[in-house]
Amino acid sequence: MEKKSQQSKRQSTNGITLVDIWSVQCGECFKWRLIPTEEEFEEIRSKFTKDPFVCSKKPGVSCDDPADIERDDTRTWVIHKPGIPKTPSGFKRRLVMRKDFSKMDCYYDAANGKRLRASTDVLKFLDKFPKFKNDVSLADFSFTGPKIM
DNA sequence: GCCACCGGTGGC
DNA sequence: GCCACCGGTGGC
(Lines give C-alpha, C1' and ligand atoms only; values in the text may rest on other atoms or scores of the structure.)
Protein backbone atom coordinates (compact mmCIF):
# COMPACT_ATOMS: atom_id res chain seq x y z
CA MET A 1 0.00 0.00 0.00
CA GLU A 2 1.19 3.47 -0.78
CA LYS A 3 2.54 5.73 1.89
CA LYS A 4 0.06 8.11 3.34
CA SER A 5 -0.13 11.31 5.19
CA GLN A 6 0.04 10.72 8.86
CA GLN A 7 -0.37 12.12 12.28
CA SER A 8 0.94 11.07 15.62
CA LYS A 9 -0.60 11.36 19.01
CA ARG A 10 0.42 10.92 22.56
CA GLN A 11 -1.05 10.70 26.00
CA SER A 12 -0.86 13.83 28.11
CA THR A 13 -0.36 13.72 31.86
CA ASN A 14 -4.03 14.21 32.72
CA GLY A 15 -5.12 11.28 30.58
CA ILE A 16 -6.60 13.31 27.75
CA THR A 17 -5.30 12.16 24.39
CA LEU A 18 -3.94 15.03 22.38
CA VAL A 19 -2.75 15.36 18.85
CA ASP A 20 0.61 17.02 19.18
CA ILE A 21 2.29 16.24 15.88
CA TRP A 22 1.12 16.35 12.30
CA SER A 23 3.52 14.85 9.83
CA VAL A 24 3.64 13.62 6.26
CA GLN A 25 5.96 11.29 4.48
CA CYS A 26 7.95 12.41 1.43
CA GLY A 27 7.02 10.45 -1.69
CA GLU A 28 10.63 10.41 -2.85
CA CYS A 29 12.91 9.88 0.13
CA PHE A 30 10.24 8.65 2.60
CA LYS A 31 11.43 10.91 5.40
CA TRP A 32 8.82 12.34 7.73
CA ARG A 33 8.27 16.08 7.69
CA LEU A 34 6.43 17.93 10.42
CA ILE A 35 3.51 20.06 9.35
CA PRO A 36 2.96 22.98 11.71
CA THR A 37 -0.82 23.29 11.62
CA GLU A 38 -3.83 21.06 11.22
CA GLU A 39 -5.04 23.29 8.40
CA GLU A 40 -1.89 22.72 6.37
CA PHE A 41 -2.02 19.02 7.15
CA GLU A 42 -5.62 18.84 5.90
CA GLU A 43 -4.68 20.71 2.74
CA ILE A 44 -1.89 18.24 1.96
CA ARG A 45 -4.03 15.25 2.87
CA SER A 46 -6.93 16.35 0.66
CA LYS A 47 -4.70 16.36 -2.44
CA PHE A 48 -2.31 13.62 -1.43
CA THR A 49 -3.09 11.11 -4.16
CA LYS A 50 -3.02 13.55 -7.07
CA ASP A 51 -0.26 15.67 -5.63
CA PRO A 52 2.02 13.64 -3.37
CA PHE A 53 4.02 15.44 -0.77
CA VAL A 54 7.75 15.87 -1.27
CA CYS A 55 10.31 17.46 1.01
CA SER A 56 10.90 20.40 -1.32
CA LYS A 57 7.35 21.60 -0.66
CA LYS A 58 8.52 22.71 2.73
CA PRO A 59 10.28 26.05 2.46
CA GLY A 60 14.06 25.68 2.56
CA VAL A 61 13.92 21.90 2.87
CA SER A 62 15.15 19.16 0.55
CA CYS A 63 15.44 15.39 0.68
CA ASP A 64 19.09 15.84 1.71
CA ASP A 65 18.04 17.18 5.09
CA PRO A 66 17.60 14.73 7.96
CA ALA A 67 14.06 13.67 8.81
CA ASP A 68 12.10 15.91 11.16
CA ILE A 69 10.92 12.92 13.15
CA GLU A 70 11.30 9.15 13.11
CA ARG A 71 8.67 6.62 13.97
CA ASP A 72 9.20 5.17 17.42
CA ASP A 73 7.12 3.97 20.34
CA THR A 74 7.28 7.15 22.42
CA ARG A 75 4.00 8.14 20.84
CA THR A 76 1.02 6.51 19.18
CA TRP A 77 1.05 6.91 15.43
CA VAL A 78 -2.11 6.87 13.36
CA ILE A 79 -2.31 6.93 9.59
CA HIS A 80 -4.85 8.96 7.66
CA LYS A 81 -6.62 8.03 4.49
CA PRO A 82 -5.64 10.35 1.63
CA GLY A 83 -8.25 12.46 -0.10
CA ILE A 84 -10.33 13.40 2.92
CA PRO A 85 -11.91 16.78 2.07
CA LYS A 86 -10.74 19.83 3.95
CA THR A 87 -13.05 20.50 6.85
CA PRO A 88 -15.64 23.06 5.76
CA SER A 89 -15.34 26.37 7.55
CA GLY A 90 -17.78 26.63 10.39
CA PHE A 91 -17.30 22.97 11.24
CA LYS A 92 -14.84 21.30 13.54
CA ARG A 93 -13.63 17.83 12.60
CA ARG A 94 -12.95 15.97 15.79
CA LEU A 95 -11.06 12.69 16.19
CA VAL A 96 -11.51 10.86 19.45
CA MET A 97 -9.29 7.98 20.46
CA ARG A 98 -11.02 5.03 22.11
CA LYS A 99 -9.71 4.26 25.56
CA ASP A 100 -8.37 0.91 24.42
CA PHE A 101 -6.62 2.55 21.44
CA SER A 102 -8.52 0.24 19.10
CA LYS A 103 -9.80 2.99 16.80
CA MET A 104 -10.65 6.64 16.50
CA ASP A 105 -14.14 8.02 16.13
CA CYS A 106 -14.69 10.99 13.85
CA TYR A 107 -17.23 13.72 14.49
CA TYR A 108 -18.05 17.04 12.92
CA ASP A 109 -19.32 19.77 15.21
CA ALA A 110 -21.52 22.28 13.41
CA ALA A 111 -21.64 25.97 14.26
CA ASN A 112 -25.11 25.55 15.75
CA GLY A 113 -23.83 22.97 18.21
CA LYS A 114 -25.09 19.91 16.37
CA ARG A 115 -22.81 16.91 16.36
CA LEU A 116 -22.63 14.77 13.23
CA ARG A 117 -21.39 11.21 13.55
CA ALA A 118 -22.04 9.72 10.12
CA SER A 119 -22.96 10.79 6.61
CA THR A 120 -26.58 9.97 7.30
CA ASP A 121 -26.42 12.62 10.01
CA VAL A 122 -25.21 15.13 7.40
CA LEU A 123 -28.26 14.51 5.23
CA LYS A 124 -30.60 14.82 8.18
CA PHE A 125 -28.79 17.94 9.31
CA LEU A 126 -29.04 19.63 5.88
CA ASP A 127 -32.69 18.67 5.74
CA LYS A 128 -33.38 20.21 9.10
CA PHE A 129 -31.22 23.31 8.62
CA PRO A 130 -31.44 24.05 4.89
CA LYS A 131 -29.51 27.29 5.15
CA PHE A 132 -26.33 25.22 5.49
CA LYS A 133 -26.89 23.89 1.97
CA ASN A 134 -25.45 27.18 0.74
CA ASP A 135 -22.15 26.33 2.38
CA VAL A 136 -21.70 22.58 2.40
CA SER A 137 -22.76 19.33 0.80
CA LEU A 138 -22.35 15.69 1.68
CA ALA A 139 -19.11 15.52 -0.31
CA ASP A 140 -17.45 17.93 2.12
CA PHE A 141 -17.51 15.34 4.87
CA SER A 142 -15.64 12.13 5.50
CA PHE A 143 -16.11 10.18 8.69
CA THR A 144 -13.28 7.79 8.08
CA GLY A 145 -11.00 7.96 11.05
CA PRO A 146 -7.29 7.27 10.89
CA LYS A 147 -5.96 3.78 11.52
CA ILE A 148 -3.94 3.02 14.60
CA MET A 149 -0.55 1.72 13.62
C1' DG B 1 -12.69 -9.26 7.87
C1' DC B 2 -13.48 -4.51 7.89
C1' DC B 3 -15.84 -0.46 8.79
C1' DA B 4 -19.73 2.81 8.55
C1' DC B 5 -23.38 3.47 11.15
C1' DC B 6 -26.31 3.60 15.07
C1' DG B 7 -28.44 2.18 19.56
C1' DG B 8 -27.63 1.93 24.35
C1' DT B 9 -26.11 3.63 28.65
C1' DG B 10 -23.56 5.43 32.54
C1' DG B 11 -22.08 9.45 34.56
C1' DC B 12 -22.85 13.96 35.07
C1' DG C 1 -32.14 14.80 30.32
C1' DC C 2 -28.09 15.06 27.81
C1' DC C 3 -24.19 13.43 25.62
C1' DA C 4 -19.65 11.24 25.47
C1' DC C 5 -18.39 6.97 24.78
C1' DC C 6 -18.59 2.28 23.48
C1' DG C 7 -20.26 -2.21 21.48
C1' DG C 8 -22.74 -4.60 18.00
C1' DT C 9 -23.97 -5.50 13.40
C1' DG C 10 -25.19 -5.45 8.60
C1' DG C 11 -23.46 -4.69 4.22
C1' DC C 12 -19.79 -4.81 1.52
Side-chain angles (χ1 to χ4, degrees), chain A residues 1-55 57-58 67-149:
Chain A
M1 186 177 292
E2 68 176 314
K3 300 297 181 181
K4 296 187 174 132
S5 54
Q6 177 151 343
Q7 159 201 24
S8 71
K9 311 189 96 235
R10 77 167 175 220
Q11 197 86 347
S12 75
T13 50
N14 64 4
I16 306 290
T17 306
L18 300 173
V19 177
D20 66 341
I21 298 283
W22 303 90
S23 65
V24 296
Q25 191 172 34
C26 173
E28 290 175 0
C29 72
F30 307 117
K31 292 185 181 112
W32 290 98
R33 297 293 171 201
L34 296 181
I35 305 302
T37 67
E38 181 172 5
E39 287 71 22
E40 287 174 72
F41 179 81
E42 282 204 348
E43 173 73 19
I44 294 165
R45 184 180 62 193
S46 69
K47 303 176 176 166
F48 197 79
T49 305
K50 277 178 290 188
D51 183 18
F53 177 84
V54 290
C55 292
K57 295 200 173 197
K58 264 190 100 167
D68 293 349
I69 190 171
E70 307 273 1
R71 276 197 58 194
D72 61 29
D73 57 8
T74 63
R75 61 185 75 241
T76 302
W77 288 70
V78 303
I79 190 157
H80 291 237
K81 199 176 101 176
I84 293 172
K86 287 189 77 177
T87 302
S89 75
F91 290 81
K92 171 68 183 167
R93 191 172 193 266
R94 203 154 47 85
L95 296 171
V96 180
M97 181 68 80
R98 298 253 174 144
K99 283 197 177 65
D100 63 359
F101 283 67
S102 61
K103 62 176 172 178
M104 298 190 83
D105 293 306
C106 177
Y107 307 98
Y108 287 84
D109 296 324
N112 63 2
K114 297 297 173 188
R115 186 192 55 160
L116 312 177
R117 356 176 251 176
S119 53
T120 48
D121 281 353
V122 177
L123 295 174
K124 285 184 238 171
F125 173 80
L126 292 177
D127 208 42
K128 201 166 179 182
F129 306 101
K131 63 171 178 167
F132 284 97
K133 289 182 182 171
N134 300 325
D135 309 319
V136 296
S137 70
L138 185 58
D140 294 316
F141 299 85
S142 166
F143 292 85
T144 304
K147 277 206 175 70
I148 318 300
M149 305 207 60

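Sequence lines set the chain letters: A, B, ... in the order given, protein chains first and strands last, and positions in each chain run from 1. Computed from a predicted model, the values in this text were never measured in an experiment.
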Q: Would you kindly compare Arg94(A) and Arg98(A) by the position of their nearest DNA chain C nucleotide and give the one closer to the 5′ end?
A: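 Per heavy-atom nearest nucleotide, the more 5' residue is Arg94(A).
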
Q: Verify the ring-centre separation between Phe41(A) and His80(A): is it less than 6.0 angstrom?
A: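 Between Phe41(A) and His80(A), which both carry aromatic rings, the centre distance is below 6.0 Å.
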
Q: What is the nucleic acid contact for Lys103(A), judged by heavy atoms within less than 4.0 Å: base, sugar-phosphate only, or nothing?
A: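 Counting heavy atoms under 4.0 Å across all strands, the contact made by Lys103(A) includes a base.
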
Q: Are any non-hydrogen side-chain atoms of Phe141(A) and Thr87(A) less than 4.5 angstrom apart?
A: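 Heavy-atom side-chain distance check fails, nothing below 4.5 Å.
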
Q: Just the endpoints, please: which first and last nucleotides of DNA chain B, 5' to 3', lie under 4.0 Å from a heavy atom of chain A?
A: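 Footprint of chain A along DNA chain B, 5' to 3': dC3(B) to dG8(B).
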
Q: Do Phe143(A) and Tyr108(A) have ring centres separated by under 6.0 Å?
A: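 Yes, close enough.
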
Q: Any donor and acceptor pair, going by atom type alone, linking the side chain of Lys58(A) with main-chain N or O of Leu34(A) inside 3.5 Å?
A: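 Indeed, once roles are kept as given, a pair shorter than 3.5 Å links the two residues.
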
Q: Measure from the ring center of Trp32(A) to the ring center of Trp77(A) and say whether it is less than 6.0 Å.
A: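 When the ring centroids of Trp32(A) and Trp77(A) are compared, they turn out to be within the sub-6.0 Å range.
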
Q: Determine the interplanar angle of the Phe91(A) and Phe125(A) rings, folded into 0 to 90°, and report it as parallel if under 30°, tilted if 30 to 60°, perpendicular if over 60°.
A: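 Answer is perpendicular, since the angle exceeds 60°.
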
Q: Tell me which residues in residues 108-120 of chain A lie within less than 4.0 Å of DNA chain C, going by non-hydrogen atoms.
A: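 Heavy-atom contacts with DNA chain C come from Arg115(A), Arg117(A).
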
Q: Would you check if the side chain of Asp140(A) reaches a backbone N or O of Val136(A) as a donor-acceptor pair within less than 3.5 Å?
A: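 No, the answer is negative, given that no donor and acceptor are paired below the 3.5 Å cut-off.
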
Q: Under 4.0 Å between a side-chain nitrogen and a carboxylate oxygen: does that hold for Lys31(A) and Asp68(A)?
A: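 Salt bridge between Lys31(A) and Asp68(A), a charged N being under 4.0 Å from a carboxylate O: no.
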
